[in-house]
Amino acid sequence: MSAVPAGSSMVQKAVTVDCRVSDVRRHGTFAVVSLVAPHLARRAVAGQFVMVAVPRGGFVLRRPLSVHAVRGDSIALLIEARGHGSAALAAVDVGQTLSLAGPLGTGFVTEGVQSALLVGGGIGVAPFQMLAERLAAAGSYVTAAFGFRDHRQARVAGAFDIPQLWVATEDGSLGRRGTAVELAETLAVQPGTVVYACGPLPMIGAVQRWAQSHELTGQASLEAHMACGSGSCHGCVIETTAGYLRVCSEGPVFDLRMVIAP
Amino acid sequence: MTLPQTPDQHGKGEVELAVSLGPLRLRHPVINASGTFDLGEMEAHYERDFVADFPFSAYVPKTVTLEARAGNPPPRVSETACGMINAIGLANPGLQSFLNSLPALAKLREPVIVSVGGSQREDYVAVVEALEKTLDSATKGSVPQVAGYELNVSCPNVRTGCLAIGTDPAETAALVSAVRPLTARLLVVKLTPNVTDVVVVARAAVDAGADCLSLVNTFRALVVDSVTLKPFLGNRTGGLCGPAIKPIALRLVHDVAAALPVPVIGMGGITTGLDALEFIACGATAVAIGAANFAAVDAGERIVAELEAELRARCLPSVSAARGLALPGSARSARDA
Ligand SMILES: Cc1cc2nc3c(=O)[nH]c(=O)nc-3n(C[C@H](O)[C@H](O)[C@H](O)COP(=O)(O)OP(=O)(O)OC[C@H]3O[C@@H](n4cnc5c(N)ncnc54)[C@H](O)[C@@H]3O)c2cc1C
Ligand SMILES: Cc1cc2nc3c(=O)[nH]c(=O)nc-3n(C[C@H](O)[C@H](O)[C@H](O)COP(=O)(O)O)c2cc1C
Ligand code: FES
């Protein structure tokens, strides 16, 4: 069970803080929830996540959510209502308070990247706003290829402000027809481009094969059901070329080559 | 019964929280449940200094096995109605790594109870022997105060050992008899609820020399993936814990405490001070906090503070005064206090 450093190492330690919801914007079934969280705003690295308590009784575990964006003293979460917990979180109103624990996990490595390609599917796109901004600030040229099921899910693209953002839908109802990876195929990619992938495991597998065939390196952010979110319980492992690794602490960002995907 | 509205304004006297597990004095009755609070990881991830400012009165690390274990295939956890299921499979870096980690715990003021697991009796024996040797030869202050062992004979998520021992009174007795001569430290046996009569196994453990019993470990359970209609967990089955199991755990603690003279550590779904008090009323001397640690890293100290307030609200002067009130033959009630 050797810990393999994959993404950027944990830079700052986590705290648990009650944060006031300062703004909510809805894009279809998605909500961008802004929270006043100076501590998290200062410390978070793109790709890190927070464990959020569901603001209704009857829930035992917190929900992991990526930091979507940082604006001054606030952080934004991009939440898709999928089950009962995320639906309750996506339904919060301005003035409510949420308990956040974080920042947690490894972040994306953004240093020394000349050209970056962000490939995301579905809610996997959540961390890419912050990532795009940090990369651009560090002088990288950023292109993003997002894939969605249909035009309804694609409405979440409206939450993003990335100059070179391309969208595909599987049913062709918006943008190009096809997957995020098929969309990436159509983009002119310079040699040395670093690929950032986030989304369901089969999509990560497709990105992995595509990146390999173009001799590109990359980083992937993965999802797993979590209990503690901070390495205690060993509940969130995924299979990698280095054995089982914990998504919450050895990830969620891993070297793209380490991921074992279908 | 009507309780005072503001417990803190009522009865200003000190509430005695300290309890004794046999020779082991604890400053309050709330400890952590094995596998749910890893001190090293908490230190690494959170700003708070959990070693200097430890919320529990004793530290029970994740179960240690002789060899490192990778654990079960994912997925390993999921939330369920008012609870959670897990099939970690005793993933741990093994005895040698645990021994190497001891100096990092040396500054811990609270005693450590080492949880030991294994595929067979010999594994438990080897772990306890190695620990005794290491502790005996360690210079003072270089390792934490290891006050005892908790024999985990109740993990439902491994193929051999553990549950196979803990569901069989004769195997349990044989294990305790093998470990007892190796140590003078407190010997706790952690019981499984996955038996017809928990008292039979509990009695076998005590007759063989256990000083203390802890219960419950998780209940064998299964969750179906709503899309595929296949078992969701990689191990197919897992163990259920959290508030969903609390009433069953209370009944089992009650049965064991009523039948046997040794101290009991009660656990299963405790999330508040009142939950803790209910276990104490059912005869528990101490209580352990499991899944509630995942909901909040400060669950331990909150539960201690709430327990104190609950005792004060009932004008109970101490934890001991509440112990056993729910047991048969206890004529007293909290109202008489
Ligand atoms: C590192 C990380 C970052 C994430 N970032 C985001 C984000 O920015 N925005 C967003 O909308 N979602 C994100 N997710 C997914 C999000 O955590 C789940 O959608 C959410 O937990 C589902 O909870 P629920 O109660 O609605 O679902 P239910 O299915 O009712 O939940 C039952 C249990 O399963 C867990 N669970 C269910 N689906 C997932 C899943 N896909 N991933 C992890 N746990 C799951 C829940 O946490 C809960 O413990 C992220 C997941 C991870 C691991
Ligand atoms: C993720 C997880 C890991 C666990 N690992 C262990 C373990 O290693 N050893 C053990 O004796 N019990 C283990 N348990 C069981 C708990 O210690 C406890 O007995 C059980 O969860 C009931 O308490 P709770 O309802 O408060 O969680 C584990 C429980 C969970 C949820
Ligand atoms: S969620 Fe507990 S170790 Fe990752």
Side-chain angles (χ1 to χ4, degrees), chain A residues 1-3 9-10 12-18 39 43 48 51-54 57-64 82-86 99-106 201 222-240 242-250 260, chain B residues 32 34-50 61-62 68-94 97 223 226 232-234 238 241-244 269 271 290-299:
Chain A
M1 255 181 286
S2 57
S9 61
M10 206 162 37
Q12 300 270 7
K13 291 194 176 183
V15 290
T16 306
V17 272
D18 287 334
H39 180 99
R43 299 187 176 202
Q48 285 192 293
M51 291 296 279
V52 187
V54 181
F59 292 94
V60 176
L61 302 175
R62 288 173 177 253
R63 300 297 189 262
R82 286 205 268 195
H84 293 298
S86 52
S99 170
L100 271 57
L104 291 162
T106 54
L201 205 51
L222 300 186
E223 277 190 8
H225 285 229
M226 291 183 181
C228 70
S230 51
S232 269
C233 75
H234 293 263
C236 62
V237 300
I238 48 138
E239 204 176 349
T240 72
Y244 292 145
L245 293 179
R246 288 165 292 183
V247 169
C248 73
S249 45
E250 282 133 344
I260 297 178
Chain B
N32 72 290
S34 177
T36 63
F37 189 95
D38 184 308
L39 192 44
E41 296 291 342
M42 297 300 281
E43 282 277 292
H45 287 89
Y46 280 91
E47 194 170 87
R48 172 170 160 184
D49 184 347
F50 281 95
K62 171 85 186 161
R69 290 181 55 94
N72 284 325
R76 291 179 175 178
V77 292
S78 187
E79 186 161 324
T80 55
C82 295
M84 67 169 286
I85 190 168
N86 90 81
I88 309 296
L90 292 187
N92 82 96
S97 170
V223 165
S226 61
F232 171 76
L233 295 175
C241 67
T271 64
N293 290 310
F294 304 147
V297 295
D298 61 358

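Residue numbering restarts at 1 for every chain, and letters A, B, ... go by the order of the sequence lines. On a predicted model such as this, the values are computed, not experimentally measured, just so you know.
With a 4.5 Å cut-off on side-chain heavy atoms, B:Glu47 and A:His39 count as touching.
The distance from atom NE2 of A:His234 to atom CG of B:Asn72, rounded to the nearest 0.5 Å, is 13.0 Å. In this structure, the separation between NE2 on A:His225 and CG on B:Asn86 is 14.0 Å, given to the nearest 0.5 Å.
B:Asn293 does not touch chain A: none of its heavy atoms, backbone or side chain, sits under 4.5 Å away. At a 4.5 Å heavy-atom cutoff, the contact between B:Tyr46 and chain A is made by backbone and side-chain atoms alike. If you measure heavy-atom distances from B:Pro243 to chain A, the contacts under 4.5 Å come from the side chain alone. Residue A:Met226 touches chain B through its backbone alone, counting heavy-atom pairs closer than 4.5 Å.
The residue among B:Gly35, B:Gly83, B:Gly242, B:Ser78 with the most heavy atom pairs within less than 4.5 Å of chain A is B:Gly83. Listed options B:Ala291, B:Pro75, B:Pro73 were ranked by heavy-atom pairs under 4.5 angstrom with chain A; first place goes to B:Pro73. Here B:Asp38 is the residue among B:Val297, B:Asp38, B:Asp298 with the most heavy-atom pairs under 4.5 Å with chain A. Annotation: maximal heavy-atom pairing with chain B below 4.5 Å, among A:Gly85, A:Gly231, A:Gly243, occurs at A:Gly231.
For A:Arg246 against B:Glu41, the heavy-atom pair with the smallest separation is NH1-OE2, 3.1 Å. Shortest non-hydrogen contact noted between B:Pro74 and A:Ile238 is CG-CA, 4.2 Å. Between A:Ser230 and B:Met42, the shortest heavy-atom contact is OG-SD, 4.2 Å. For the pair A:Arg63 and B:Glu79, the tightest heavy-atom approach, listed with the atom from each and the gap, is NH1-OE1, 2.8 Å. Between B:Ala44 and A:Lys13, the shortest heavy-atom distance links the atoms O-CE, 3.6 Å. Residues A:Ala227 and B:Met84 come closest through the heavy atom pair CB-CE, 3.9 Å.
Side-chain atoms of B:Lys62 never come within 3.5 Å of backbone atoms of A:Ser232 as a donor-acceptor pair (strictly under, hydrogens ignored).
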